[in-house]
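Worksheet: one structure, shown below.
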Amino acid sequence: MSENEFEQFLHTNIPITEAMGISVTEFTKSRVRLAAKLKPNINDKLTAFGGSINTLMTICGWSMVFVNIKETDPKAQIVIKKSNINYRAPIREDFTAECEIFGDETRREFLETYTKHNKSRLDLKVVIKNKETVFAEYEGQYVVFK
């Protein structure tokens, strides 16, 4: 699935992504990047709304699970089990969430567990940053099941 196809999938199946103006800038098994414009996500302080930041980061992690499980099982269900977010600095510009899986071992263990038990989990980190500042850090535990 290309970046454009996945973006349309998000907008159709998770409607808030379209309202937030989320675009998919990278969608691979090792890295997912989702961008959002500040304007539709602004708060009364003229910075990005915390709920929008959290939503973007949650969906970014969910997207990483999606791109890694759907070849193995197109009907797998993905849910967030728990998450934690640290807002480190106000966001006054368009922003991008990025999630990476480092190494094939993590992916292999995740998929082997799913194949063996019909469920698995993946702990992921997502960050919003620019060249100078880390704006938010997120940790989420996602679960997949048949």
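Positions are given from 1, in the same order as the sequence printed here.
- Not one N or O on the side chain of Glu5 forms a donor-acceptor pair closer than 3.5 Å with the backbone of Glu3.
- Counting all heavy atoms, side chain and backbone alike, Leu124 lies closest to Gly61 at CD1-O, 3.4 Å.
- When side chains are defined from C-beta on, Arg31 counts as touching Thr28, because their heavy atoms get closer than 4.5 Å.
- Tyr138 has its side chain within reach of Asn54: a pair of non-hydrogen atoms, C-beta onward, lies under 4.5 Å apart.
- Atoms CD1 and CD, from Ile16 and Glu18 in turn, are 12.0 Å apart once rounded to the nearest 0.5 Å.
- Annotation: the span from Ser63 atom OG to Phe9 atom CZ amounts to 9.0 Å, rounded to 0.5 Å.
- Each of Glu98, Glu100, Glu26 was evaluated against Arg33; a single residue qualifies, Glu98, per the side chain to side chain donor-acceptor pair (under 3.5 Å) test.
- Between the OG1 atom of Thr47 and the OH atom of Tyr87 there is a distance of 11.0 Å, given to the nearest 0.5 Å.
- Taken together through direct or relayed side-chain contacts under 4.5 Å among Ile, Leu, Val, Met, Phe, Trp and Tyr, Ile59 and Ile85 form part of one hydrophobic cluster.
- Lys70 places a side-chain N or O within donor-acceptor distance of the main-chain N or O of Pro74, the cut-off being under 3.5 Å.
- Checked by atom type and distance alone, the side chain of Ser120 never pairs as donor or acceptor with a backbone atom of Leu111 at under 3.5 Å.
- Rounding to the nearest 0.5 Å gives a distance of 7.5 Å between OG1 of Thr55 and CD1 of Ile22.
- For the residue pair Val134 and Lys129, the shortest heavy atom distance occurs at CA-CB, 3.9 Å.
- A donor-acceptor pair is defined here as one N or O able to donate and one able to accept, closer than 3.5 Å; such a pair exists between the side chain of Glu7 and the backbone of Val24.
- The two atoms that bring Ile91 and Leu38 nearest to each other are O-CD1, 3.9 Å, heavy atoms only.
- The distance from atom CG of Asp94 to atom CG of Asn130, rounded to the nearest 0.5 Å, is 11.5 Å.
- At distances below 3.5 Å, at least one donor-acceptor pair connects side-chain atoms of Arg107 with backbone N or O atoms of Lys29.
- Shown here for Ala36 and Met20, the closest heavy-atom pair between the two residues is CB-O, 4.3 Å.
- Under the 4.5 Å side-chain criterion, counting only non-hydrogen atoms from C-beta, Phe110 is not in contact with Thr72.
- Partner of Tyr142 under the side-chain contact (heavy atoms from CB on, under 4.5 Å) criterion, chosen from Ile69, Thr58, Asp123: Thr58.
- In terms of hydrophobic clustering, with Ile, Leu, Val, Met, Phe, Trp and Tyr side chains grouped at heavy-atom distances under 4.5 Å, Val32 and Ile14 are assigned to a common cluster.
- In this structure, the side chain of Asn41 does not engage the main chain of Ala48 through any donor-acceptor pair within 3.5 Å.
- A distance of 8.5 Å separates CD of Glu137 from NZ of Lys125, quoted to the nearest 0.5 Å.
- Under the 3.5 Å distance criterion, the side-chain polar atoms of Asn68 are matched with a main-chain donor or acceptor of Met64.
- More than 12 heavy atoms of other residues, nucleotides or ligands shown are found within 6.0 angstrom of CD on Glu105.
- Relative ring orientation between Phe6 and Phe27 is described as parallel, the plane-to-plane angle staying below 30° on a 0-90° scale split at 30° and 60°.
- Of all the heavy atoms in Cys60 and Ala97, the pair that sits closest is SG-O, 3.7 Å.
- The side-chain heavy atoms of Met57 and Phe95, taken from C-beta on, include no pair separated by under 4.5 Å.
- A continuous path of hydrophobic side-chain contacts links Ile80 to Val67 [ILVMFWY only; heavy atoms under 4.5 Å].
- Both Val65 and Met1 sit in one connected hydrophobic cluster of ILVMFWY residues. Membership requires side-chain heavy atoms under 4.5 Å apart, directly or through other members.
- Ile78 is connected to Leu122 through a chain of hydrophobic side-chain contacts under 4.5 Å among Ile, Leu, Val, Met, Phe, Trp and Tyr, so both are in one cluster.
- Electrostatic pairing of Lys116 and Glu112 does not count as a salt bridge here, judged by no charged N lying under 4.0 Å from a carboxylate O.
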